Student: 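Structure incoming, see below.
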Amino acid sequence: MKQLLVLLLLALLVPPTAYAQDTRAAERRIEFPDIPGYLTLKCDLHLHTVFSDGSVWPNIRVQEALRDGLDAIAITDHLEYQPHKDDIPHPDRNRSYEIAVESVGDRDLIILNGSEVTRDMPPGHSNAIFLKDANKLLIDDSVAVFREVKRQGGFTFWNHPNWTSQKPDGVAALTDLHRQLIREGLLQGIEVVNNVTYSDEALQIALDYDLTIIGTSDIHGLIDWQYNVPYGGHRPITLVFATERSAAGIQEALQAGRTTVWFNNTLIGKEEFLAPLIRASLTVKEAAYGGDTLVLSVLIENTSDVAYLLDNQSEYTFHASADVLTIAPHQTTRIDVKTVDRKTSLTLVFEVLNAVTAPGTHPEITLEIEVE
Ligand SMILES: [Zn+2]
Ligand SMILES: [Zn+2]
C-alpha cells in the first residue's frame, strides 16, 4: 500500500510531457540494420559552423549528431568564404574540427576533419574529408587543391552539382575540368542529395563514372528546424557500409563506393548495396490462414526507419489493400493475401517505390513465405 502511494506521488510529480519527450528523443535516433558482411554506419559528411557561414558553434553540431544517433560527422566549413571573420578571427582552418573533437569527450561519435573547397563553376564547391591539415588547402589553383587533398590521403566529393546559384537549370552536368579530376582520381564522390534537393542527373553521373553516392544535410542553421525533427522528419545522411566502426573503416568504404543515401523517406544507391539493406530491414515473422478461409495473413517486421512504399508485382491480390501498400517503420505490418488455393509456400514480389537505384528505376524485393 505504501509502495502504491509512493508510485502515485511519483506519477503526480513527473509531468506527463516528460515521458512523451523521452520517447520522442528515442524515436528521433536514426536506425538501420547492418547488411551481410558490413556494418551500416550513419554519416553526415557536410556541416557548417560559425567558422564559415553557419550559425552555430561546433559543439552544437556534435549534440545534434548524438541526438540523431549518427556514427560520424564531418565538419566542413568553407575554406575561402568567411563572412564571420571580423567577429570570429579564424587563422586556423582546422579549428572547428578541433573544437568538435574536444566537445565529444568520451561519447561515441566519430568526427572527421574536412573543408568545403568553395570555387566558382567549374569546379564549383567540393568537400575534402579525412584531412590532416586544412590550412594547406588555401591554394589559388583549384586542381592544386585537389592534389593536396590526395597528398594528405583525403577523400573528395562534388557538392550540390544541381545548385541553381551555379547551375540555373538545376541539371547536374560534368565539365571538362570535372572529367579531368575524375580521370586523375582527384574526385571520388558526388552529392546526389544536398540539403533539401535531390538530383537524378547526379545519380546518373555517379553510376556512369563510378563515383561514390553521397547525401548530406549541408546544414547552416539547426537540424531540427530545417528537417522538422522530431515531428516525423529526418536529416539526409549517407549510410556507409564499413567493415569496422572507425574513421579508417568509413574511408575505406567511401573509396570502395559502398554507400546508400537516406533522404526524405527515400533510399538512393547502387542496387548491390540498396537491395541487401531493404532485405535486412524486412522479415516475414508469421504466415497463417485465418480459419477455413483461403486468405493468408502475412506479418512483416520492419526494423528500419523507412516507411517502405511497396507496389505488388506478384499474381496475388490483397484482401485489405490495393496493389500499393506501406510497411511502417519499426513495426510489424499485416498483409492479407488471397492465395485462392491453400499453399504451403509462396513468393511475394514488390517494387520498392521509395528506393531508387538509377533515375526512374526502383529495386524489386522478393519475400519467400513458408505457411505454418
Ligand atoms: Zn557549397
Ligand atoms: Zn556547404
Side-chain angles (χ1 to χ4, degrees), residues 43-58 60-62 64-65 70 72-85 88 90 93-97 99-100 111-131 134 137-139 142 145-146 149 154-175 177-178 181 186-199 201-202 205-206 211-223 225-227 235-238 254 261 263:
C43 307
D44 191 349
L45 304 174
H46 189 164
L47 307 173
H48 293 279
T49 76
V50 289
F51 286 92
S52 60
D53 57 346
S55 306
V56 307
W57 198 250
I60 300 299
R61 294 288 170 246
V62 168
E64 289 174 323
L70 301 189
I73 56 171
I75 307 282
T76 55
D77 280 310
H78 296 282
L79 280 175
E80 302 89 343
Y81 183 50
Q82 292 281 315
H84 300 326
K85 72 174 186 304
I88 303 169
H90 189 202
R93 295 292 193 275
N94 300 303
R95 195 59 198 134
S96 50
Y97 160 73
I99 293 170
I111 312 287
L112 308 173
N113 193 8
S115 282
E116 181 163 10
V117 183
T118 310
R119 303 293 164 111
D120 293 337
M121 194 75 101
H125 297 191
S126 304
N127 266 9
I129 55 175
F130 307 104
L131 295 177
L137 270 53
L138 291 165
I139 308 168
S142 292
V145 180
F146 284 86
V149 175
F155 176 88
T156 312
F157 56 91
W158 185 9
N159 295 345
H160 46 71
N162 55 334
W163 189 31
T164 46
S165 295
Q166 291 189 328
K167 193 75 171 63
D169 61 5
V171 175
L174 289 170
T175 65
L177 181 57
H178 291 104
L181 293 170
L186 299 174
L187 186 63
Q188 297 144 296
I190 183 169
E191 282 184 347
V192 166
V193 165
N194 173 279
N195 194 262
V196 295
T197 70
Y198 163 82
S199 171
E201 294 80 12
I205 291 169
L211 299 177
T212 302
I213 294 168
I214 306 280
T216 70
S217 71
D218 193 2
I219 192 72
H220 290 71
L222 293 173
I223 286 288
W225 293 1
Q226 181 73 29
Y227 297 107
R235 73 165 91 192
I237 55 168
T238 307
L254 287 175
V261 168
F263 165 65

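Throughout, numbering of the chain's residues begins at 1 and tracks the sequence. Each ligand, and each atom within it, is numbered from 1 in the order the structure gives. Quantities reported herein were computed from a predicted structural model and do not represent experimental measurements.
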Student: Counting backbone and side chain alike, does His48 bring an N/O/S atom below 2.8 Å of the Zn ion (ligand 2)?
Tutor: yes
Student: Would you say CG of Asp120 has more than 12 non-hydrogen atoms from neighbouring residues, nucleotides or ligands within 6.0 angstrom?
Tutor: no
Student: Looking only at the side chains, is there a donor atom on one of Asn94 and Asn113 sitting less than 3.5 Å from an acceptor on the other?
Tutor: yes
Student: Around the Zn ion (ligand 1), list the protein N/O/S atoms within a radius below 2.8 Å, excluding water molecules.
Tutor: Glu116 OE2, His125 ND1, His160 NE2
Student: Which residue pairs satisfy the salt bridge (Lys or Arg N to Asp or Glu O under 4.0 Å) criterion with at least one member in residues 44-53, sequence neighbours excluded?
Tutor: Asp44-Arg235
Student: Answer yes or no: is there a donor N or O on one side and an acceptor on the other, between the side chain of Glu116 and the main chain of Ser126, under 3.5 Å?
Tutor: no
Student: Say you draw a straight line from CG of Leu211 to OG1 of Thr156; how long is it, rounded to the nearest 0.5 Å?
Tutor: 11.5 Å
Student: Parallel, tilted or perpendicular: which fits the ring planes of His125 and His78, with parallel below 30° and perpendicular above 60°?
Tutor: perpendicular
